[in-house]
**Student:** 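Before I ask anything, here is the structure I am working with.
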Amino acid sequence: MTRGGFRGWSAARGGHLSRLRFTSLRLRLVMVFGAVALTAAVSASGIAYWLNREAVLTRTQGAVLRDFEQEMQNRAGSLPEHPSQDELQHTAGQMANSSQRFSVLLVGEDADGRTVYGNSGGLNGFSLDAVPGSLRTAVEKEQDVTSGNTSPYHLYWQRVVDHGTPYLVAGTKVVGGGPTGYMRKSLEPEAKDLNSLAWSLGIATGLALIGAALLAQAAATTVLKPVHRLGAAARRLGEGKLDTRLRVSGTDELADLSRTFNRTAEALEKRVADMAARDDASRRFVADMSHELRTPLTAITAVTEVLEEELDAESGSIDPMIEPAVRLVVSETRRLGDLVENLMEVTRFDAGTARLVLDDVDVADQITHCIDARAWLDAVELDSERGIHARLDPRRLDVIMANLIGNALKHGGSPVRVSIRESDDEVVIAVRDHGPGIPEDVLPHVFDRFYKASASRPRSEGSGLGLSIALENAHIHGGRITAANSPDGGAVFTLHLPRDASELAEPPERPERSGQPGPSGQSEKDKEDAS
């Protein structure tokens, strides 16, 4: 057999075995059908065998006993009270020549009081030793004569097996004085007939079992085919093919189940379509709102920059009474600008339009540039060697690190330590602060959008989107971010990025231009693209 042929045979065999695994409904149906058929066939065969056995043995036994009793009355009853051995021998031979062909043994007393025997088979024939003792005792016992019992002696019989051959042994005594007669009849022909009947019933039982198995297989195929179709349709539905429907035929329970499945699939498709439409509308609303906010926000930003310059001038003309209000307007305008930029970034991720623009970068240099651009050099310690290169999107790496380090500085404690390690297939960047750490009930939610650990500070400086954006940027690289508490105190955010994200990168719709990072970690060029 060729290798391919062997693999094909193995696959086919494996498929059959998987379909007939012990937990499969098909195998259980076959086993139940087989058990029921076997029980019914064995019960019917046993009853039939028992009835036939009793009928055959009763018929044979009745005929033999009637013939023996008649011979005892006619021939043994005509013997004198004290017969001789020759007379007993002659009479036993005559009795054995009856239609039933049984062996006869006559036992009597001669005139001298000696026990004499007459055997139809000669010296090697039927002897008294072949008669069970219990039978001899019952035959010799004289019964009381009453109104219900008119004879002191009765005919008794017993079935025995001698050297594997079954026999019917019977005995009685001549009433009024005379010999005692015993008869032995071989039941071997009847036993052979019964054995043949047993074999026939056994073969019939086996055929019934095979037929039941075939019938169960056919029934299982008929019953389970709609179930298999339902399972396949459910799998397709689970894979997102919401237009999956079953062909319905008939009016049985399986047809009702198929109709129910179709109605459920139709309702699910409609519900998902409605949710998708609402989701698209929400994304469009956020995008449109962000775009619409950018125009007035640009004008407000320009005005706030002028006001800020006036505040910073040595001879500012701002009234000291309104200076706090001006500073509040400046800070809130920047916060609103950061929020709009973050919303635009989230919208791009949700819409699936975010793309990677890869470049070979020195990770340590890139993080140093991120720290220096935001004037964090005094508060951040970098633990890394130069020369750790990876093929990543430098702008998105800058966004990730800006959010992680900024979050550590804002909610943790200085100094913030950034360490970089490399392996064969990934770069691991850990950002650790020296603050109180993250509460255990907050850890599962730190990357949720708009999540804030303290509900009493709804107007904190952050928007609640920074860590979520960082996580999305890690995912688009094929990486991940984890959050935990350090045993030595403080929170640790660990970024895992692949050494080469080329397989995940898609060409951008237009070339990117480098720009300086903005307050939320985005470049000014990114802001232009979002508008």
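Positions are given from 1, in the same order as the sequence printed here. Just so we're clear, the structure is a prediction, and the values are computed from it rather than from any experiment.
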**Student:** Between R421 and E385 (salt bridge meaning N to carboxylate O under 4.0 Å), is one present in this structure?
**Tutor:** no

**Student:** Report yes if the side chains of N485 and V492 come closer than 4.5 Å at any heavy-atom pair, otherwise no.
**Tutor:** no

**Student:** Is a side-chain N or O of R480 found less than 3.5 angstrom from the main chain of H475, in a donor-acceptor match?
**Tutor:** no

**Student:** Looking at D359 and R395, is any side-chain nitrogen of the basic one under 4.0 Å from a carboxylate oxygen of the acidic one?
**Tutor:** no

**Student:** Write down the atom of V363, the atom of A390, and the distance for their closest heavy-atom approach.
**Tutor:** CG2-CB, 4.1 Å

**Student:** Where do C370 and A402 come nearest, in terms of heavy atoms and distance?
**Tutor:** SG-N, 3.7 Å

**Student:** If you apply the rule side-chain contact (heavy atoms from CB on, under 4.5 Å), what do you find for L237 with L268, and how did you get there?
**Tutor:** CA-CA 10 Å; L237 197 66; L268 179 62; 4.1 Å; yes

**Student:** Shortest non-hydrogen contact from S45 to T205?
**Tutor:** OG-OG1, 2.9 Å

**Student:** Between H369 and D372, is any side-chain donor less than 3.5 angstrom from a side-chain acceptor?
**Tutor:** no

**Student:** Applying side-chain contact (heavy atoms from CB on, under 4.5 Å) to L404 and I429, what does each step give before you reach the verdict?
**Tutor:** CA-CA 10 Å; L404 293 181; I429 305 172; over 6 Å; no

**Student:** Look only at the side chain of T244 and the backbone of K241, and say whether a donor-acceptor pair between them is shorter than 3.5 Å.
**Tutor:** yes

**Student:** Mind checking whether V361 and D365 have side chains closer than 4.5 Å, heavy atoms only?
**Tutor:** no

**Student:** Do the charged groups of D398 and R374 touch, with an N to O distance under 4.0 Å?
**Tutor:** yes

**Student:** Would you say L495 and V431 make side-chain contact, with heavy atoms under 4.5 Å?
**Tutor:** no

**Student:** Distance check, rounded to the nearest 0.5 Å: T494 atom OG1 versus R432 atom CZ?
**Tutor:** 11.5 Å

**Student:** Can you give me every donor-acceptor pair (side chain of residues 194-202, partner residue at least two apart or in another chain, under 3.5 Å) with its distance?
**Tutor:**
from	atom 1	to	atom 2	distance (Å)
N195	ND2	A191	O	3.3
S196	OG	K192	O	3.0
S200	OG	S196	O	2.9

**Student:** Between R271 and D274 (salt bridge meaning N to carboxylate O under 4.0 Å), is one present in this structure?
**Tutor:** no

**Student:** Output yes when a side-chain donor or acceptor of N473 lies under 3.5 Å from a complementary backbone atom of R396, and no otherwise.
**Tutor:** no

**Student:** Measure the CD1-CD distance between I469 and E472 for me, rounded to the nearest 0.5 Å.
**Tutor:** 9.0 Å

**Student:** Please report the shortest heavy-atom distance between F447 and L471, naming the atom on each side.
**Tutor:** CB-CD2, 3.8 Å

**Student:** With no hydrogens and no angle check, is any side-chain donor or acceptor of R499 less than 3.5 Å from a backbone partner on S423?
**Tutor:** yes

**Student:** Given 3.5 Å as the limit, does a donor-acceptor pair link the side chain of N403 with the main chain of V399, or not?
**Tutor:** yes

**Student:** Are any non-hydrogen side-chain atoms of L497 and L397 less than 4.5 angstrom apart?
**Tutor:** yes

**Student:** Sub-3.5 Å donor-acceptor pair from the side chain of D362 to the main-chain atoms of G387, do we have one?
**Tutor:** yes

**Student:** Evaluate the side-chain proximity of L409 to W376: yes if any heavy-atom separation is below 4.5 Å, no if none is.
**Tutor:** yes

**Student:** Keeping D433 on the side-chain end and A491 on the backbone end, is there a donor-acceptor pair under 3.5 Å?
**Tutor:** yes

**Student:** Can you check whether L392's main-chain N or O pairs, donor with acceptor, with H477's side chain at less than 3.5 Å?
**Tutor:** no

**Student:** Closer than 3.5 angstrom, by distance alone: can the side chain of N262 be matched with the main-chain N or O of L246 as a donor-acceptor pair?
**Tutor:** yes

**Student:** What distance do R229 atom CZ and S258 atom OG have between them, rounded to the nearest 0.5 Å?
**Tutor:** 7.0 Å

**Student:** Quick one: do I367 and I420 satisfy side-chain contact (heavy atoms from CB on, under 4.5 Å)? Show the steps, please.
**Tutor:** CA-CA 10 Å; I367 296 177; I420 307 173; 3.5 Å; yes

**Student:** I'd like to know whether I481 forms a side-chain contact (heavy atoms from CB on, under 4.5 Å) with I400, so could you lay out the CA-CA distance, the side-chain angles of the two residues, the decisive distance to 0.1 Å, and finally the verdict.
**Tutor:** CA-CA 10 Å; I481 304 177; I400 296 173; 4.2 Å; yes

**Student:** Kindly give the heavy-atom pair with the smallest separation between P394 and Q366, and that separation in Å.
**Tutor:** O-NE2, 3.3 Å

**Student:** Any side-chain heavy atom of R159 sitting closer than 4.5 Å to one from P166?
**Tutor:** no

**Student:** Tell me, please, which residues at least two apart from R235 pass side-chain hydrogen bond (donor to acceptor under 3.5 Å, both in side chains).
**Tutor:** none

**Student:** Could you state the interatomic distance from CE (M401) to OG1 (T368), rounded to the nearest 0.5 Å?
**Tutor:** 10.0 Å

**Student:** Grab the two heavy atoms, one from F261 and one from A234, that are nearest each other, plus how far apart they are.
**Tutor:** CZ-N, 4.0 Å

**Student:** Rounded to the nearest 0.5 Å, how far apart are CD of E266 and CZ of R245?
**Tutor:** 5.5 Å

